[in-house]
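What follows is one structure encoded as structure tokens, with my remarks underneath.
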Amino acid sequence: MAVFAYRAAQEGTTPVRGTITADTPYQARDVLRDRGLTVHDVTEVKPGSQASGLGVEFGFQRGHQGQVVDFIRELATLLAVGVPMLEAMTTIARQCRGGFRQIVLDLHERIASGSSLAEAMRFHPRTFDDFCLNIVEVGESAGTLDASLSRLAEFRERSAQLKGRIATAMFYPCIVLTMALGVSLFLMSYVVPKLLDGLLEAGRPIPWPTRMVKGASDLLIQRWPILLLLALGLSVGVMALYRSRRGRMVWHRAQLRIPLVGELIRKQTVVRVAIIISTLIKSGIVFEKAVRIASRTTRNSVLRGALEQVEAAVHAGRDIAQSLEKTKAFSPTVVQIFAVGEQSGRLEEMLDRLAVNYDQQINTATTRLTALLEPLLIILMVVLVGFIAFATVLPMLEAGNVL
């Protein structure tokens, strides 16, 4: 069966939009008419696509991240207490809003038509990734879907906490940097020209700091369209370079070499990979497939390439630890933990400990990074604004000395 997005109306009510599962568009129209609806449009929705013009979005949105976690957690709870799948989906759909509600309704339609939850989720790849699909599929096969969904929700929540911690650490430095740029632009475009016009008209010699500030102010005021075009062109060029595979690889390699930041990125990736592999192994998925899924969720191209090399080496029959060590992308501690876990047969337990340990180290590293950035940015703001103020006041002081 296929999924069709429809736009219809009922007598005396406003138009309604939704999805329905049917073999053909004609069958979908017949079912909608049996429900007492006047059908306006019926459009087939391809897997992972959007129903254009019908307001039913099947693509991933950032606002859906929290809703996905809530959906998984609530579905696991309802299934654990014995609520049937379709009834649980109906209950959750009543609490959802926006485009994600249409996704839940689509899942309900597909499950009602005989599909499994994993098969229904495959039609929304930008909302439910490979990691989610494999966990759900294994849970359905083993009859432990509620437990699998609980583990999946725990992973999503831990990932959200990690991202939130880093975002919180960078919040104050970003505010300081924005304030410094804003104050500097205000002084250069409004204050400096008014204060220096009188001195220039008097024909007095201007010190070199004042000439620098005046030149920058004139450039900002008179050539701002050119500066704006240059900034836009630079942004487009950087984005085009980043979208290319080679450019992205160069940027990601440079990130790993930045002091503190590179180590933070590396450890954050290790935590995510360790949790994913541990969760998948606990769910009954073999290591090779778990590494493949973990590599797809890794954003840094260098580390993702290293994981792909590990997958190929394990597929060829090599040891996990030796494969990791050859990539030279992971620390000796990570390699040793994989080696001990592989030899003892408790790899998932070792990875859980690694994730907890590195999670604590990330927390300490972000605290140190914030403590280092805050005074540096404050000093930068003081120096920048102070230099502009000094360059503006200096000719006035010299004029007073002459008098």
Side-chain angles (χ1 to χ4, degrees), residues 3 45-50 57-80 85 88-89 92-93 95-96 98-111 115-164 268-269 271-299 304 307 311 348 351-352 355:
V3 174
V45 179
K46 301 296 182 183
S49 66
Q50 296 184 350
E57 295 187 357
F58 290 86
F60 178 78
Q61 295 180 349
R62 291 187 181 271
H64 288 170
Q65 292 184 9
Q67 289 182 299
V68 170
V69 176
D70 294 339
F71 165 75
I72 295 172
R73 177 66 71 184
E74 291 174 359
L75 182 58
T77 302
L78 292 173
L79 294 178
M85 174 65 75
M89 299 291 288
I92 296 174
Q95 306 174 89
C96 299
F100 188 72
R101 183 174 185 273
Q102 299 300 331
I103 294 177
V104 177
L105 291 175
D106 175 66
L107 296 178
H108 180 277
E109 291 284 349
R110 290 184 174 277
I111 294 172
S115 300
S116 65
L117 179 59
E119 291 172 348
M121 286 180 171
R122 291 187 190 279
F123 278 78
H124 308 282
R126 287 180 289 180
T127 302
F128 305 104
D129 55 14
D130 289 343
F131 174 72
C132 177
L133 294 176
N134 281 274
I135 291 291
V136 172
E137 188 174 4
V138 170
E140 288 181 315
S141 300
T144 57
L145 181 58
D146 54 341
S148 298
L149 290 174
S150 296
R151 285 196 293 267
L152 178 60
E154 290 174 2
F155 166 75
R156 295 281 193 182
E157 290 167 354
R158 290 182 66 177
S159 299
Q161 290 174 359
L162 183 61
K163 292 179 181 178
Q268 182 183 3
T269 302
V271 170
R272 184 177 181 86
V273 168
I275 295 175
I276 289 176
I277 294 178
S278 173
T279 304
L280 291 173
I281 291 177
K282 289 178 183 178
S283 300
I285 296 176
V286 296
F287 178 81
E288 182 181 344
K289 188 175 182 180
V291 172
R292 185 187 312 126
I293 295 172
S295 65
R296 292 175 182 173
T297 63
T298 303
R299 294 184 178 180
R304 183 170 61 247
L307 291 174
E311 178 195 351
E348 60 272 21
L351 291 179
D352 284 337

Minimum heavy-atom separation for [X] and [Y], please, with both atom names.
X      : Y      : value
Cys96  : Val104 : SG-CG2, 4.1 Å
Ala76  : Leu149 : CB-CB, 3.6 Å
Leu75  : Ala88  : CD1-CB, 3.9 Å
Ala153 : Val69  : O-CG1, 4.4 Å

Beyond-backbone contact of Arg292 with Asn134, side-chain heavy atoms, under 4.5 angstrom: no
Would you call Ile103 and Gln67 a side-chain contact if the rule is heavy atoms closer than 4.5 Å? no
Does Ile275 offer a backbone N or O that forms a donor-acceptor pair with the side chain of Ser278 under 3.5 Å? no
Distance in Å, Leu117 CG paired with Met89 CE, rounded so as to fall on 0.5 Å steps: 6.0 Å
To the closest 0.5 Å, what do you measure between CZ (Arg110) and CG (Leu105)? 13.0 Å
Can you name the residues that form a salt bridge (Lys or Arg N to Asp or Glu O under 4.0 Å) with Glu348, not counting sequence neighbours? none
With sequence neighbours excluded, tell me which residues meet side-chain contact (heavy atoms from CB on, under 4.5 Å) with [X].
X      : answer
Ala118 : Ser116, Val136, Glu137, Glu140
Thr298 : Thr269, Val273, Leu303, Arg304, Leu307
Ser148 : Ile135, Thr144, Arg151
Val138 : Ser283, Ile285

Mind checking what makes side-chain hydrogen bond (donor to acceptor under 3.5 Å, both in side chains) contact with Asp129, not counting sequence neighbours? Arg156
Which class fits the ring pair Phe71 and Phe100: parallel under 30°, tilted 30 to 60°, perpendicular over 60°? perpendicular
